[in-house]
2 protein chains.
Amino acid sequence: MRWSELESADCPIARALSILGDRWTLMILRDCFFGVHRFEAFQANLGISRTILRDRLAHLVQAGILVQRPYQDRPVRYDYVLSAKGKALNGVMLMLGEWGRTAVDGQPETQIRHRHQTCGHVLTPYVACAACGEEVVAKDVRAVRAA
Amino acid sequence: MRWSELESADCPIARALSILGDRWTLMILRDCFFGVHRFEAFQANLGISRTILRDRLAHLVQAGILVQRPYQDRPVRYDYVLSAKGKALNGVMLMLGEWGRTAVDGQPETQIRHRHQTCGHVLTPYVACAACGEEVVAKDVRAVRAA
DNA sequence: ATAGTCAGTCCATAAACTAAACGCACTTAA
DNA sequence: TTAAGTGCGTTTAGTTTATGGACTGACTAT
């Protein structure tokens, strides 16, 4: 199967992965959440090849996840910043980080975390149900086709 | 940069992506959450090439995310099932699906969703803070190096 | 003038992926 | 007792994608 065929799947995870599911895209977006905006900064941070970086940034802009914002003229140079659609990935990033911290071998205590500004605590994120507010665990969910 | 260098990064997102960050791994895991266990079923479902499937399954087993459970002898055949570490990815999957459903172009209403068995509602997942129980949004989190 | 910055592009090589055929150890049906 | 089927792979050959490094172009600062 061609990867590009996934974008029209009726599974939302498949659709998400058709955009995010390669080796670098999520790393670039992670940098965006950490405040990195510029081509050279992404390249230096990630050690990604410039060709791929160009390609991935273009895709993210095309998908409406990043927007280009000019920060100088002569020559025109752009920042790449998260759109609303990009910021909506925050939950994915937090859960991915939490899994990486707790499940991947290593020293969890030396790793970067987040502070929840509104309550002041170091953040331990979990997924909750909008209807009942309870934590959602794997055994309590069943796939359904929405009405 | 070599992709393999990421696994020792001090960013938990980078570590997570060193395992999950390729074109097929998360799709295979999605299938696991939907109850797919066998080689032929993954292959038929995803249309992935058999070589890659073999490789990805081996990696996931090695990383302790899937475990092989024999379901017959002569010849020995294995199911691939989620370990605790694999099930811990549930939150990532739910948030990825929610983003795919709401942010990626398409008809959200025709897509697969989940039901939250404990309250009976169709699930709309969000990320909450374990300390205060409130929803966590992008602007309220700041990266910190854990003490 | 000389060097430096930033965002790319170009190119040759290397790695990853693909599809389709094949192998092996069985089981079931004719 | 062959013949076909099942399940999980491996092999091969061809295609696609990624990589690293040099290079370009439009500037700015010294």
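Each chain gets a letter, A, B and so on, in the order the sequences are listed, and its residues count up from 1.
Taking Ile, Leu, Val, Met, Phe, Trp and Tyr as hydrophobic and joining them when side-chain heavy atoms fall under 4.5 Å apart, one finds A:Val67 in a cluster with A:Val81. Hydrophobic cluster membership of A:Val76, counting Ile, Leu, Val, Met, Phe, Trp and Tyr whose side-chain heavy atoms lie under 4.5 Å apart directly or via other members: A:Tyr78.
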Report summary line: Reading nucleotides 8-13 of chain D from 5' to 3' and marking B where a protein heavy atom lies under 4.0 Å of the base, S where only the sugar-phosphate is that close, and - otherwise, the string is BBBB--
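Separating the CG atom of A:Asp55 from the C1' atom of D:dT17 is a distance of 10 Å, rounded to the nearest angstrom. Taking atom CD1 on A:Ile52 and atom C1' on C:dA14, their separation rounds to 13 Å, with Å as the unit. Between the CD atom of A:Gln72 and the P atom of C:dT5 there is a distance of 14 Å, rounded to whole Å. In this entry the distance linking CG of A:Asp22 with C1' of C:dC17 reads 14 Å, nearest Å. Here D:dT19 presents its P atom at 11 Å from CG of A:Leu53, a figure rounded to the nearest Å. Distance NE2 (B:His59) to P (C:dC17): 10 Å, rounded to an integer number of Å. In this structure, the CD atom of A:Gln43 is 14 Å from the C1' atom of C:dT5, given to the nearest Å. Rounding to whole angstrom units, CZ of residue A:Arg69 and C1' of C:dC6 are separated by 17 Å.
Put simply, the side chain of B:Val136 reaches to within 4.5 Å of the side chain of B:Val141, judged on heavy atoms. Residues A:His114 and A:His116 fail the side-chain proximity criterion, which asks for heavy atoms closer than 4.5 Å.
Of the charged side-chain nitrogens involved, none lies within less than 4.0 Å of a carboxylate oxygen, so that A:Arg15 and B:Asp105 do not count as a salt-bridged pair. Salt bridge present: A:Arg50 and A:Glu40 bring a charged side-chain N and a carboxylate O closer than 4.0 Å.
Geometrically, B:Arg77 does not engage B:Phe39 in a cation-pi contact, judged by NZ or CZ lying under 6.0 Å from the ring centre and within 45° of the ring axis.
Along DNA chain D, the nucleotide nearest A:Arg23 and the nucleotide nearest A:Asp73 are compared for position; the residue whose nucleotide lies closer to the 5' end is A:Arg23.
For A:Arg56, whose side chain is taken as the heavy atoms from C-beta onward, the closest listed nucleotide among D:dA18, C:dA25, D:dG20 is D:dA18.
Note on A:Trp24: every side-chain N or O is 4.0 Å or more away from OP1 and OP2 of D:dT17.
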